[in-house]
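Heads up, the thing below is written out as structure tokens.
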Amino acid sequence: MTPTPAPAPSAVPSLASLAVHAGREDLTDLGVHTMPIDLSTTNPLPSIEAGRDAYDAFAAGERPAPGMTSVYRRAWNPTVARFETAIAALEAHDPGGVVHEAEGIAFATGMAAMTAVLLSRVAAGLPHVLAVRPLYGGTDALLASGLVGTEVDYVDAHEVAAAVTDRTGLVVMESPCNPTLDLRDIADVVRQAGTVPVLVDNTFATPVLQRPLTLGAGYVLHSATKYIGGHGDAMGGVVVTSPARAKELRPIRTITGGVLDPWSAYLLHRGLATLPVRVLAQQATAADLAAWLVGRAGVARVFYPGLPGADPQGLIGRQMAGPGAMVAFELAGGFASAERVCAALSLITHAVSLGGVDTLIEHPAALTHRVVAEEAQPGAGVLRVSVGLESAADLQADLDRALSHA
Ligand SMILES: *Cc1c(COP(=O)(O)O)cnc(C)c1O
């Protein structure tokens with residue numbers, strides 16, 4: 001028997017270890033084992049001068065220097081800051097050892113995070129946004145509304161280079177895309193965008209499966225409400241970007257007030273510890289379920305990047321470590337069928353949102369994508385499933401029973 005060689009010692013900690021330890025660096029010195037929840041809305045000032053200097057530092061987008069007062073919770077909160085440090089470490093993780101300078105900026109929700117990034121581009125005098133459809137319904141609607149001063153052009157992923165103008169401040173994209181889980185080549189869009197930063201909404205993939213900063217993205221955005229929290233009980237959003245862009249975003253957050261509250265920051269940070277375990281387990285069940293759904297009576301089509309032929313560009317393995325834990329399928333009987341299936345399920349919950357420990361099913365055209373323009377609407381018979389931690393056998397049994405009503 002040949003002995004297995006010992007793994008080479010590595011300077012780069014694994015993502016699994018980072019998930020458990022990142023953002024907790026100060027706990028031992030504090031003499032505590034878990035993150036303290038600092039609920040202060042205001043902080044005692046050592047002197048007027050110290051308060052004034054802190055105000056100036058926060059207005060300039062800086063993080064507090066050691067010993068600096070946090071002044072007021074809308075400007076800074078240490079519980080939130082620990083979560084920001086942790087998610088930035090995960091998104092910047094590069095097993096190749098390449099260092100990606102990254103900072104996290106957390107918000108009350110994913111949409112507050114998106115709003116802040118758009119405002120920062122408008123403030124820089126670059127209001128033109130290229131949006132690669134399909135996008136999350138809320139993002140699509142925010143861009144279409146022009147509410148925060150952006151001017152949007154919707155493009156396909158291969159049309160980005162031709163659509164960039166000297167007023168373009170941002171390219172917005174997702175992969176896997178919501179709700180039919182098509183993959184888009186992030187590195188290719190980054191190449192086409194040239195000097196224009198690309199924002200990748202990484203909510204569906206999570207840093208466990210995909211780290212867009214390592215592919216050249218300028219911003220990574222999460223609805224932390226989904227996989228990062230992972231238990232359906234906390235809302236939040238986060239942007240991970242370069243220190244220079246983070247410096248532009250922090251004052252916008254302070255001014256507009258879309259701050260993450262410390263209770264939620266604690267829950268989201270705690271969620272990170274189990275993120276790799278949850279995502280990998282949920283992905284394995286999703287792969288099972290997708291294969292099982294193919295060819296079932298009443299099911300016209302299954303959307304899952306891991307199915308044969310579903311990833312023509314070969315992005316799984318290159319861009320994304322696996323096909324993820326979201327599955328969609330189209331019922332041959334259209335809307336009426338979808339309605340009957342949702343009503344007949346008992347283990348699977350009929351609800352919007354995703355990324356939690358329990359399996360959810362929803363009808364994108366009627367719900368999450370209702371706000372999206374007609375031409376970007378998913379089919380009337382499409383249902384989207386966020387696969388949870390239940391056993392594949394139990395989920396199949398529930399779906400099997402429901403599909404008999406399709
Ligand atoms: C939910 C979601 C958002 C918005 O996040 P909220 O926390 O609900 O504001 C943005 N992008 C994607 C892909 C989402 O699923």
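Just so you know, ligand 1 is whichever comes first in the structure, and atom 1 is the first atom listed for that ligand.
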Check whether more than 12 heavy atoms from other residues, nucleotides or ligands sit under 6.0 Å from atom CZ of Arg73, and answer yes or no.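 Atom CZ in Arg73 is packed in, count exceeds 12.
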
Any donor-acceptor pair under 3.5 Å linking the side chain of Gln192 with the backbone of Ala161?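 Side chain of Gln192 to backbone of Ala161: a pair is present.
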
Within the protein, residues bringing a heavy atom under 4.0 Å of ligand 1, chain by chain: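 Within 4.0 Å of ligand 1, the protein residues are Thr109, Gly110, Met111, Tyr136, Asp201, Thr203, Phe204, Ser223, Thr225, Lys226, Met235, Gly236, Leu354.
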
So, do Tyr227 and His222 have ring centers that fall under 6.0 Å from each other?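 Here the rings of His222 and Tyr227 have centres that are no less than 6.0 Å from each other.
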
Would a 4.5 Å heavy-atom cut-off, applied to side chains only, mark Arg184 and Val189 as touching?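 No, too far: nothing below the 4.5 Å cut-off.
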
Ion pair check, Asp140 and Arg133, cut-off under 4.0 Å: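 Between Arg133 and Asp140 there is a salt bridge, with a charged N closer than 4.0 Å to a carboxylate O.
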
Not counting sequence neighbours, which residues clear salt bridge (charged side-chain N to carboxylate O under 4.0 Å, His left out) with Glu174? List them please.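 Here no residue qualifies.
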
